[in-house]
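Quick note on labels: first sequence line is chain A, next is B, and so on, each numbered from 1.
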There are 2 protein chains.
Amino acid sequence: MESDVSANSRLTIAAHALTWIGLYQRRGHEVATSEQIATSVNTNPVVIRRLLAKLSKAGLADSRRGAGAGWMLARDLAAITLLDVYQAIEPGPIFALHPAAPNPECVVGHGIGPALTAVYDDVEAALRRELAKTTLEDVLRDVLKAV
Amino acid sequence: MESDVSANSRLTIAAHALTWIGLYQRRGHEVATSEQIATSVNTNPVVIRRLLAKLSKAGLADSRRGAGAGWMLARDLAAITLLDVYQAIEPGPIFALHPAAPNPECVVGHGIGPALTAVYDDVEAALRRELAKTTLEDVLRDVLKAV
DNA sequence: GATGTTGTAACAATTATGGTTACGACCAGA
DNA sequence: TCTGGTCGTAACCATAATTGTTACAACATC
């Protein structure tokens with residue numbers, strides 16, 4: 001029940017895609033197609049285009065349409081943190097409150113929502129601080145070092 | 001697509017249940033039934049029993065069976081942190097890697113898993129540090145202050 | 001025994017996630 | 001102007017997680 005096979009892989013895929021584009025451009029190519037990226041990620045090109053559409057709205061990537069179309073970075077890898085990517089994909093909250101509002105007649109039922117929300121906010125802030133520490137340039141450096 | 005209506009509420013429910021038991025015992029009662037707790041949480045008693053079974057295995061709660069049965073805390077509220085509760089419910093990872101293994105022929109596909117895993121580990125460590133800062137005693141104090 | 005509660009299995013309803021097909025929009029180049 | 005390749009996005013499916021629900025045996029107190 002707790003194996004979480006289907007947890008969110010969007011941050012992983014998005015970081016992978018951007019890093020791939022960055023390396024590809026660094027090797028002299030203008031744009032990368034969703035097909036190429038999907039081959040590296042091992043998924044369907046539509047999954048890549050869906051994610052890159054969000055990254056594009058967030059100002060991390062740009063697309064060119066028509067023939068010879070594809071994707072390019074909107075900023076250098078060094079100027080994109082994992083927090084930027086995380087925000088771009090609009091993640092839901094890590095922890096949810098009660099599915100159904102608890103009993104407001106009960107002291108605990110009445111007050112625990114706000115009490116936990118304060119903690120959850122701090123947790124998410126810590127998570128964001130941590131993600132902000134790593135840029136995609138750092139990720140690419142690790143990737144190349146591992147060869 | 002991103003509304004996340006069904007995120008994990010288990011930490012919320014588990015903290016609620018334990019806090020409720022703690023307050024109930026502090027008011028002079030020996031044990032609390034899953035029925036009573038479920039009324040405060042506004043859910044089904046089985047949901048409470050399922051969660052308390054895990055908390056019991058983790059040494060946070062104890063149950064008594066037979067007539068006049070119910071639940072009690074295994075430790076004082078001040079000795080239970082939200083991290084203890086979090087670990088007890090065996091949460092899955094916050095971020096997942098690729099659903100299907102990426103292309104190992106590609107430099108990025110080959111190296112990005114380990115690179116991101118290192119970051120994700122740091123993020124989860126930060127999350128745990130943050131959860132460890134708050135005890136259920138703190139939560140109860142906030143709850144009572146809010147009345 | 002009789003009673004009330006736990007512990008747990010089994011199943012349903014709802015939702016998120018990722019994959020897939022399809023197709024119009026778009027644009028460089030012939 | 002046409003052709004070909006790619007984006008952008010809608011629509012749908014399969015799978016799995018989550019929560020709620022019913023059911024019932026196990027158990028302990030009276």
Side-chain angles (χ1 to χ4, degrees), chain A residues 1-14 16-17 21 30-39 41-57 61-72 89-102, chain B residues 1-14 16-17 21 30-39 41-57 61-72 89-102:
Chain A
M1 191 203 282
E2 302 292 343
S3 53
D4 251 290
V5 174
S6 78
N8 260 46
S9 63
R10 282 196 287 269
L11 181 58
T12 296
I13 308 298
H16 185 150
I21 298 172
E30 284 262 339
V31 299
T33 68
S34 59
E35 175 86 35
Q36 294 172 313
I37 301 166
T39 298
V41 172
N42 191 14
T43 184
N44 192 291
V46 175
V47 173
I48 300 299
R49 294 206 290 269
R50 270 200 296 236
L51 266 177
L52 284 176
K54 294 204 171 218
L55 300 176
S56 168
K57 275 177 200 148
D62 276 320
S63 66
R64 190 188 289 172
R65 303 187 65 167
W71 297 87
M72 65 200 83
I89 60 182
E90 305 168 43
I94 305 292
F95 301 118
L97 292 183
H98 308 70
Chain B
M1 191 204 283
E2 300 295 342
S3 51
D4 253 289
V5 174
S6 77
N8 262 47
S9 62
R10 281 195 288 267
L11 181 58
T12 296
I13 309 297
H16 186 151
I21 298 172
E30 283 262 342
V31 298
T33 69
S34 60
E35 176 86 35
Q36 294 172 313
I37 301 167
T39 298
V41 172
N42 190 16
T43 185
N44 192 289
V46 175
V47 173
I48 301 299
R49 294 206 289 271
R50 270 201 295 236
L51 267 175
L52 284 177
K54 293 203 172 221
L55 299 176
S56 168
K57 274 177 201 149
D62 275 321
S63 66
R64 189 187 290 171
R65 303 186 64 167
W71 296 86
M72 67 200 82
I89 59 182
E90 304 168 43
I94 305 291
F95 301 117
L97 293 184
H98 309 69

Whole-Å distance separating the [atom1] atom of [X] from the [atom2] atom of [N]:
| X | N | atom1 | atom2 | value |
| --- | --- | --- | --- | --- |
| A:Leu97 | D:dT19 | CG | C1' | 16 Å |
| A:Glu90 | C:dT17 | CD | C1' | 16 Å |
| A:Glu35 | C:dG19 | CD | C1' | 14 Å |
| A:Ile48 | D:dT9 | CD1 | C1' | 16 Å |
| B:Lys57 | C:dG7 | NZ | P | 10 Å |
| B:Met72 | C:dT5 | CE | C1' | 12 Å |
| B:Ile21 | C:dT5 | CD1 | C1' | 14 Å |
| A:Leu51 | D:dC7 | CG | P | 14 Å |

Answer whether the closest heavy-atom distance between the side chains of [X] and [Y] falls below 4.5 Å.
| X | Y | answer |
| --- | --- | --- |
| A:Ile21 | A:Leu52 | yes |
| B:Pro45 | B:Glu35 | yes |
| B:His16 | A:His98 | yes |
| B:Val31 | B:Trp71 | no |

Q: On DNA chain C, check which nucleotide each of B:Ser63 and A:Arg49 is closest to and give me the residue with the more 5' one.
A: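 Closer to the 5' end of DNA chain C: B:Ser63.
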Q) Has the side chain of A:Arg65 got a donor or acceptor atom sitting under 3.5 Å from an opposite partner on the base of D:dG5? A)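 Absent.
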Q: Describe the nucleic acid contact of B:Ala67 in one word from base, sugar-phosphate, nothing, applying a heavy-atom distance below 4.0 Å.
A: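 The residue B:Ala67 makes base contact.
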So which nucleotide from [options] ends up closest to the side chain of [X]?
| X | options | result |
| --- | --- | --- |
| A:Val46 | C:dT20, C:dT17, C:dT8 | C:dT20 |
| A:Arg50 | C:dT6, C:dT20, D:dT22 | C:dT20 |
| B:Trp71 | C:dG7, D:dG20, D:dG8 | C:dG7 |

Report yes if at least one side-chain N or O of [X] is closer than 4.0 Å to OP1 or OP2 of [N]; otherwise report no.
| X | N | value |
| --- | --- | --- |
| A:Asn44 | C:dG18 | no |
| B:Ser9 | D:dT19 | yes |
| A:Thr33 | D:dT6 | no |
| A:Asn8 | C:dA16 | no |
| A:Arg10 | C:dT17 | yes |

Q) So B:Ile48 and B:Ile13, side chain to side chain contact (heavy atoms under 4.5 Å, CB included) or not? Walk me through it. A) CA-CA 8 Å; B:Ile48 301 299; B:Ile13 309 297; 4.0 Å; yes
